[in-house]
Structures are given as structure tokens and as C-alpha cells.
Amino acid sequence: MMVNMRNKTSYSTVLGLLLVCLFAVCMLFTLAYGATIYKDISSVMDSQYGTRTVLSYVVTKVRHYDVAGSVELGSLDGMDAIILREEIDDEKYLTYIYAYDGSLCELFCPAYLELTLDSGEQIISLDELEFSLSDSGNLLEIKVSLGDDTARQTLYIRSGKAVA
Amino acid sequence: MAETRSRTPLFLIELTIMILAFSFFAAVGLRLFSSARQTSEYAGDLGLAVAGVQTAADIFKSVGGDMDKTATALSASLTGDKLVVYYDSAWEPTSLSDAYFVMTVTENGGLAKISASLADGGLLYSLEVRAVTHG
């Protein structure tokens, strides 16, 4: 009778342990699955934030300045840049948009000043920023790279031909 | 003589209830995780589609609504008034067999409807654009 009771108790203990193990394994799988999904989402968000934000920023800037003769491709201190011209109180100003030191930079200054690349404001991180004009001169292609992600967009210069 | 009862069955019942509760909440959680992943993938695809469609719209406007020139600029094939371009998951032009996105441009009287959808059929983004010729 005593032996039978002991057998029953040890059977219950083993069953209990198995259930605890099952619980632990289920929890582990759930956590692992959750972590994988979090990593995926985070990677998509990073790539979107990086390249798309830069692209969106540059496109919005160019569209904002898209009046006759205001958009041109040039260089600042030897680095390719988009140059946006404007006039404030009869004074000419330039906005340079370029990539420098792993960042998208913007420099707003009077047209007569000659400044260096590090004078600009760093906006957001990027690896590469390329822009080119189509043969017709009214399509500006912008390409942005950050890590493995690359985004590009072509922009119609409504005000006419941009100056290369 | 007091009757002694083992507490093991109570413990087992408690464990079983715990596992059942955990399974229920884990199922709800995993469903939420999957839904979050799908939403995030959709957002990524939508971002590419919007940039691609805007590019096509700008090209269409830059050539004054000429579908042949739009097709050339987009490296696309033009069938009648409809232009179809296939892209891979990084929005690089590809063939029909490797397509992840499909973009179509249909023109009618100077008005173009540009749509980007997944190759398996889900529409992502679409807009209508009219080319204006100045002068």
C-alpha cells in the first residue's frame, strides 16, 4: 500500500516537472519569435528612416525652391552639391545641400561668401548622396545610400532646366 | 488519526491552468507580432511604391505626357496606352518572373493614372497626373 502511494507521488512529480519544462520551452519559443519579429521591424524602420527621410527632405527642399533659375547642380569646396538660390531684401543667398562626413549637410549663406564643407549643418546620417540631371536638364535624379539600403527618386524641375 | 493528503494534484492543476493561460496569451501575442511584421513590411513596400509612382509622374510631366518617352525613361514596355514596368523588392527594374512590384501607367486624353501594386495583386499606391505644356 505504501509502495503504491510512493509510486503515485513520484509519477506526479515527474508529470509536474514535464509540465514546467513544457512551460519553459513555450515561453522560450514565444520570446525568440518575438525577438526575431522585433529585429525585422526595427531593421525595416531603420532603413526607412535613413534613406526615405533623406530623400523626402531633399525632394521637399528642391520643390520648395523650384522657381526659374533657382535650382542648380554645382559644388561646394570641391564636393558635389545641390544649390538653391533665393533673394531676400535684394540680397542673394544660397542653400547648399551635400553629403559630408557621413551626414547630409545643409548650408545657408550669402552668395558672396566662400565657405568650407564643415560650415554646414549636419541634418541626418547617410553614406552616399548622388544626384544627376537628365539630358533634357529638367529631371533631377537623387540617389541615397545608407548601409545596405538604397533609395532613389527622380524629380521634375517644373521651373525649367536646372543648371548643371 | 489525521488524514494526510498529497498536495501534488493541486500543484499539477495549478500548472496546467498556468500553461493554458500562457498558451492563450502567447497565441494573442504571436498574432499581434505577426500583424506588426505585416504592417511594417507593408509600410516599407508603400514607401518604395510612393517614391516610384512619384518618379513616374514627374517623368510623365517632364516629357509633356508623351507615353513613348515615358516608357523609354522608365525602361518599360508600352502596349497601346498602357505601360508596364516590373521591379524587384528593392525597386530595381527586373523581369516579369522576378517581379515583386508592378507599376502601370495608363494614359487617356493627357491624363495618366499611375499605379503600383504587389506582383501578387495587392494595390499599394496610385495617383492621377496631367501633363501641362506651357507656352
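Worth knowing before you read on, the calculation uses all heavy atoms, side chains too, and leaves out hydrogens, waters and symmetry mates. The chains referred to below are lettered A, B, ... by the order of the sequence lines, with proteins before strands, and numbering in each begins at 1.
Around the CE atom of B:Met18, the shell of radius 6.0 Å holds more than 12 heavy atoms that belong to other residues, nucleotides or ligands. Heavy-atom neighbours of A:Lys61 NZ from other residues, nucleotides or ligands within 6.0 Å: above the threshold of 12. The local environment of CZ in A:Phe108 is crowded, with over 12 non-hydrogen atoms from other residues, nucleotides or ligands closer than 6.0 Å. For CD of A:Glu91, the number of neighbouring non-hydrogen atoms (other residues, nucleotides, ligands) closer than 6.0 Å is greater than 12. For A:Glu87, the CD atom is densely surrounded, since the number of other residues' heavy atoms within 6.0 Å is greater than 12.
Atom-to-atom distance recorded for B:Leu74:CG and A:Thr154:OG1 is 8.5 Å, nearest 0.5 angstrom. In this structure, CG in A:Leu19 is found 5.0 Å from OG1 in B:Thr16, a value given to the nearest 0.5 Å. To the nearest 0.5 Å, atom CG of residue B:Leu48 and atom CD of residue A:Gln153 are 11.0 Å apart. From B:Asp58, atom CG reaches atom CZ of A:Arg63 across 4.5 Å, with rounding to the nearest 0.5 Å. Separating the CD1 atom in A:Ile37 from the OG atom in B:Ser35 is a distance of 9.5 Å, to the nearest 0.5 Å. Rounded to the nearest 0.5 Å, atoms OG (B:Ser34) and OH (A:Tyr33) are 3.5 Å apart.
Residues A:Leu155 and B:Gln54 form no side-chain contact, since every pair of their non-hydrogen atoms from C-beta on lies 4.5 Å or further apart. When side chains are defined from C-beta on, A:Met27 does not count as touching B:Ile19, because their heavy atoms never get closer than 4.5 Å.
With hydrophobic clusters built from ILVMFWY side chains whose heavy atoms lie under 4.5 angstrom apart, A:Leu117 does not share a cluster with A:Leu129. Linking ILVMFWY residues whenever their side-chain heavy atoms come closer than 4.5 Å, directly or via other members, places A:Phe131 and A:Val71 in the same cluster.
Ranked by heavy-atom pairs shorter than 4.5 Å toward chain A, the options B:Gly44, B:Ala56, B:Ser62 are led by B:Ser62.
If you measure heavy-atom distances from A:Ile41 to chain B, the contacts under 4.5 Å come from both the backbone and the side chain. For A:Val20, the parts lying near chain B are the backbone and the side chain together; criterion is any non-hydrogen pair under 4.5 Å. Contacts between B:Ala73 and chain A at a heavy-atom distance below 4.5 Å are absent for every atom of the residue.
Heavy-atom minimum distance, B:Phe33 versus A:Gly34: CE1-CA, 3.4 Å. A:Thr30 approaches B:Ala26 most closely through the heavy-atom pair OG1-CB, 4.0 Å.
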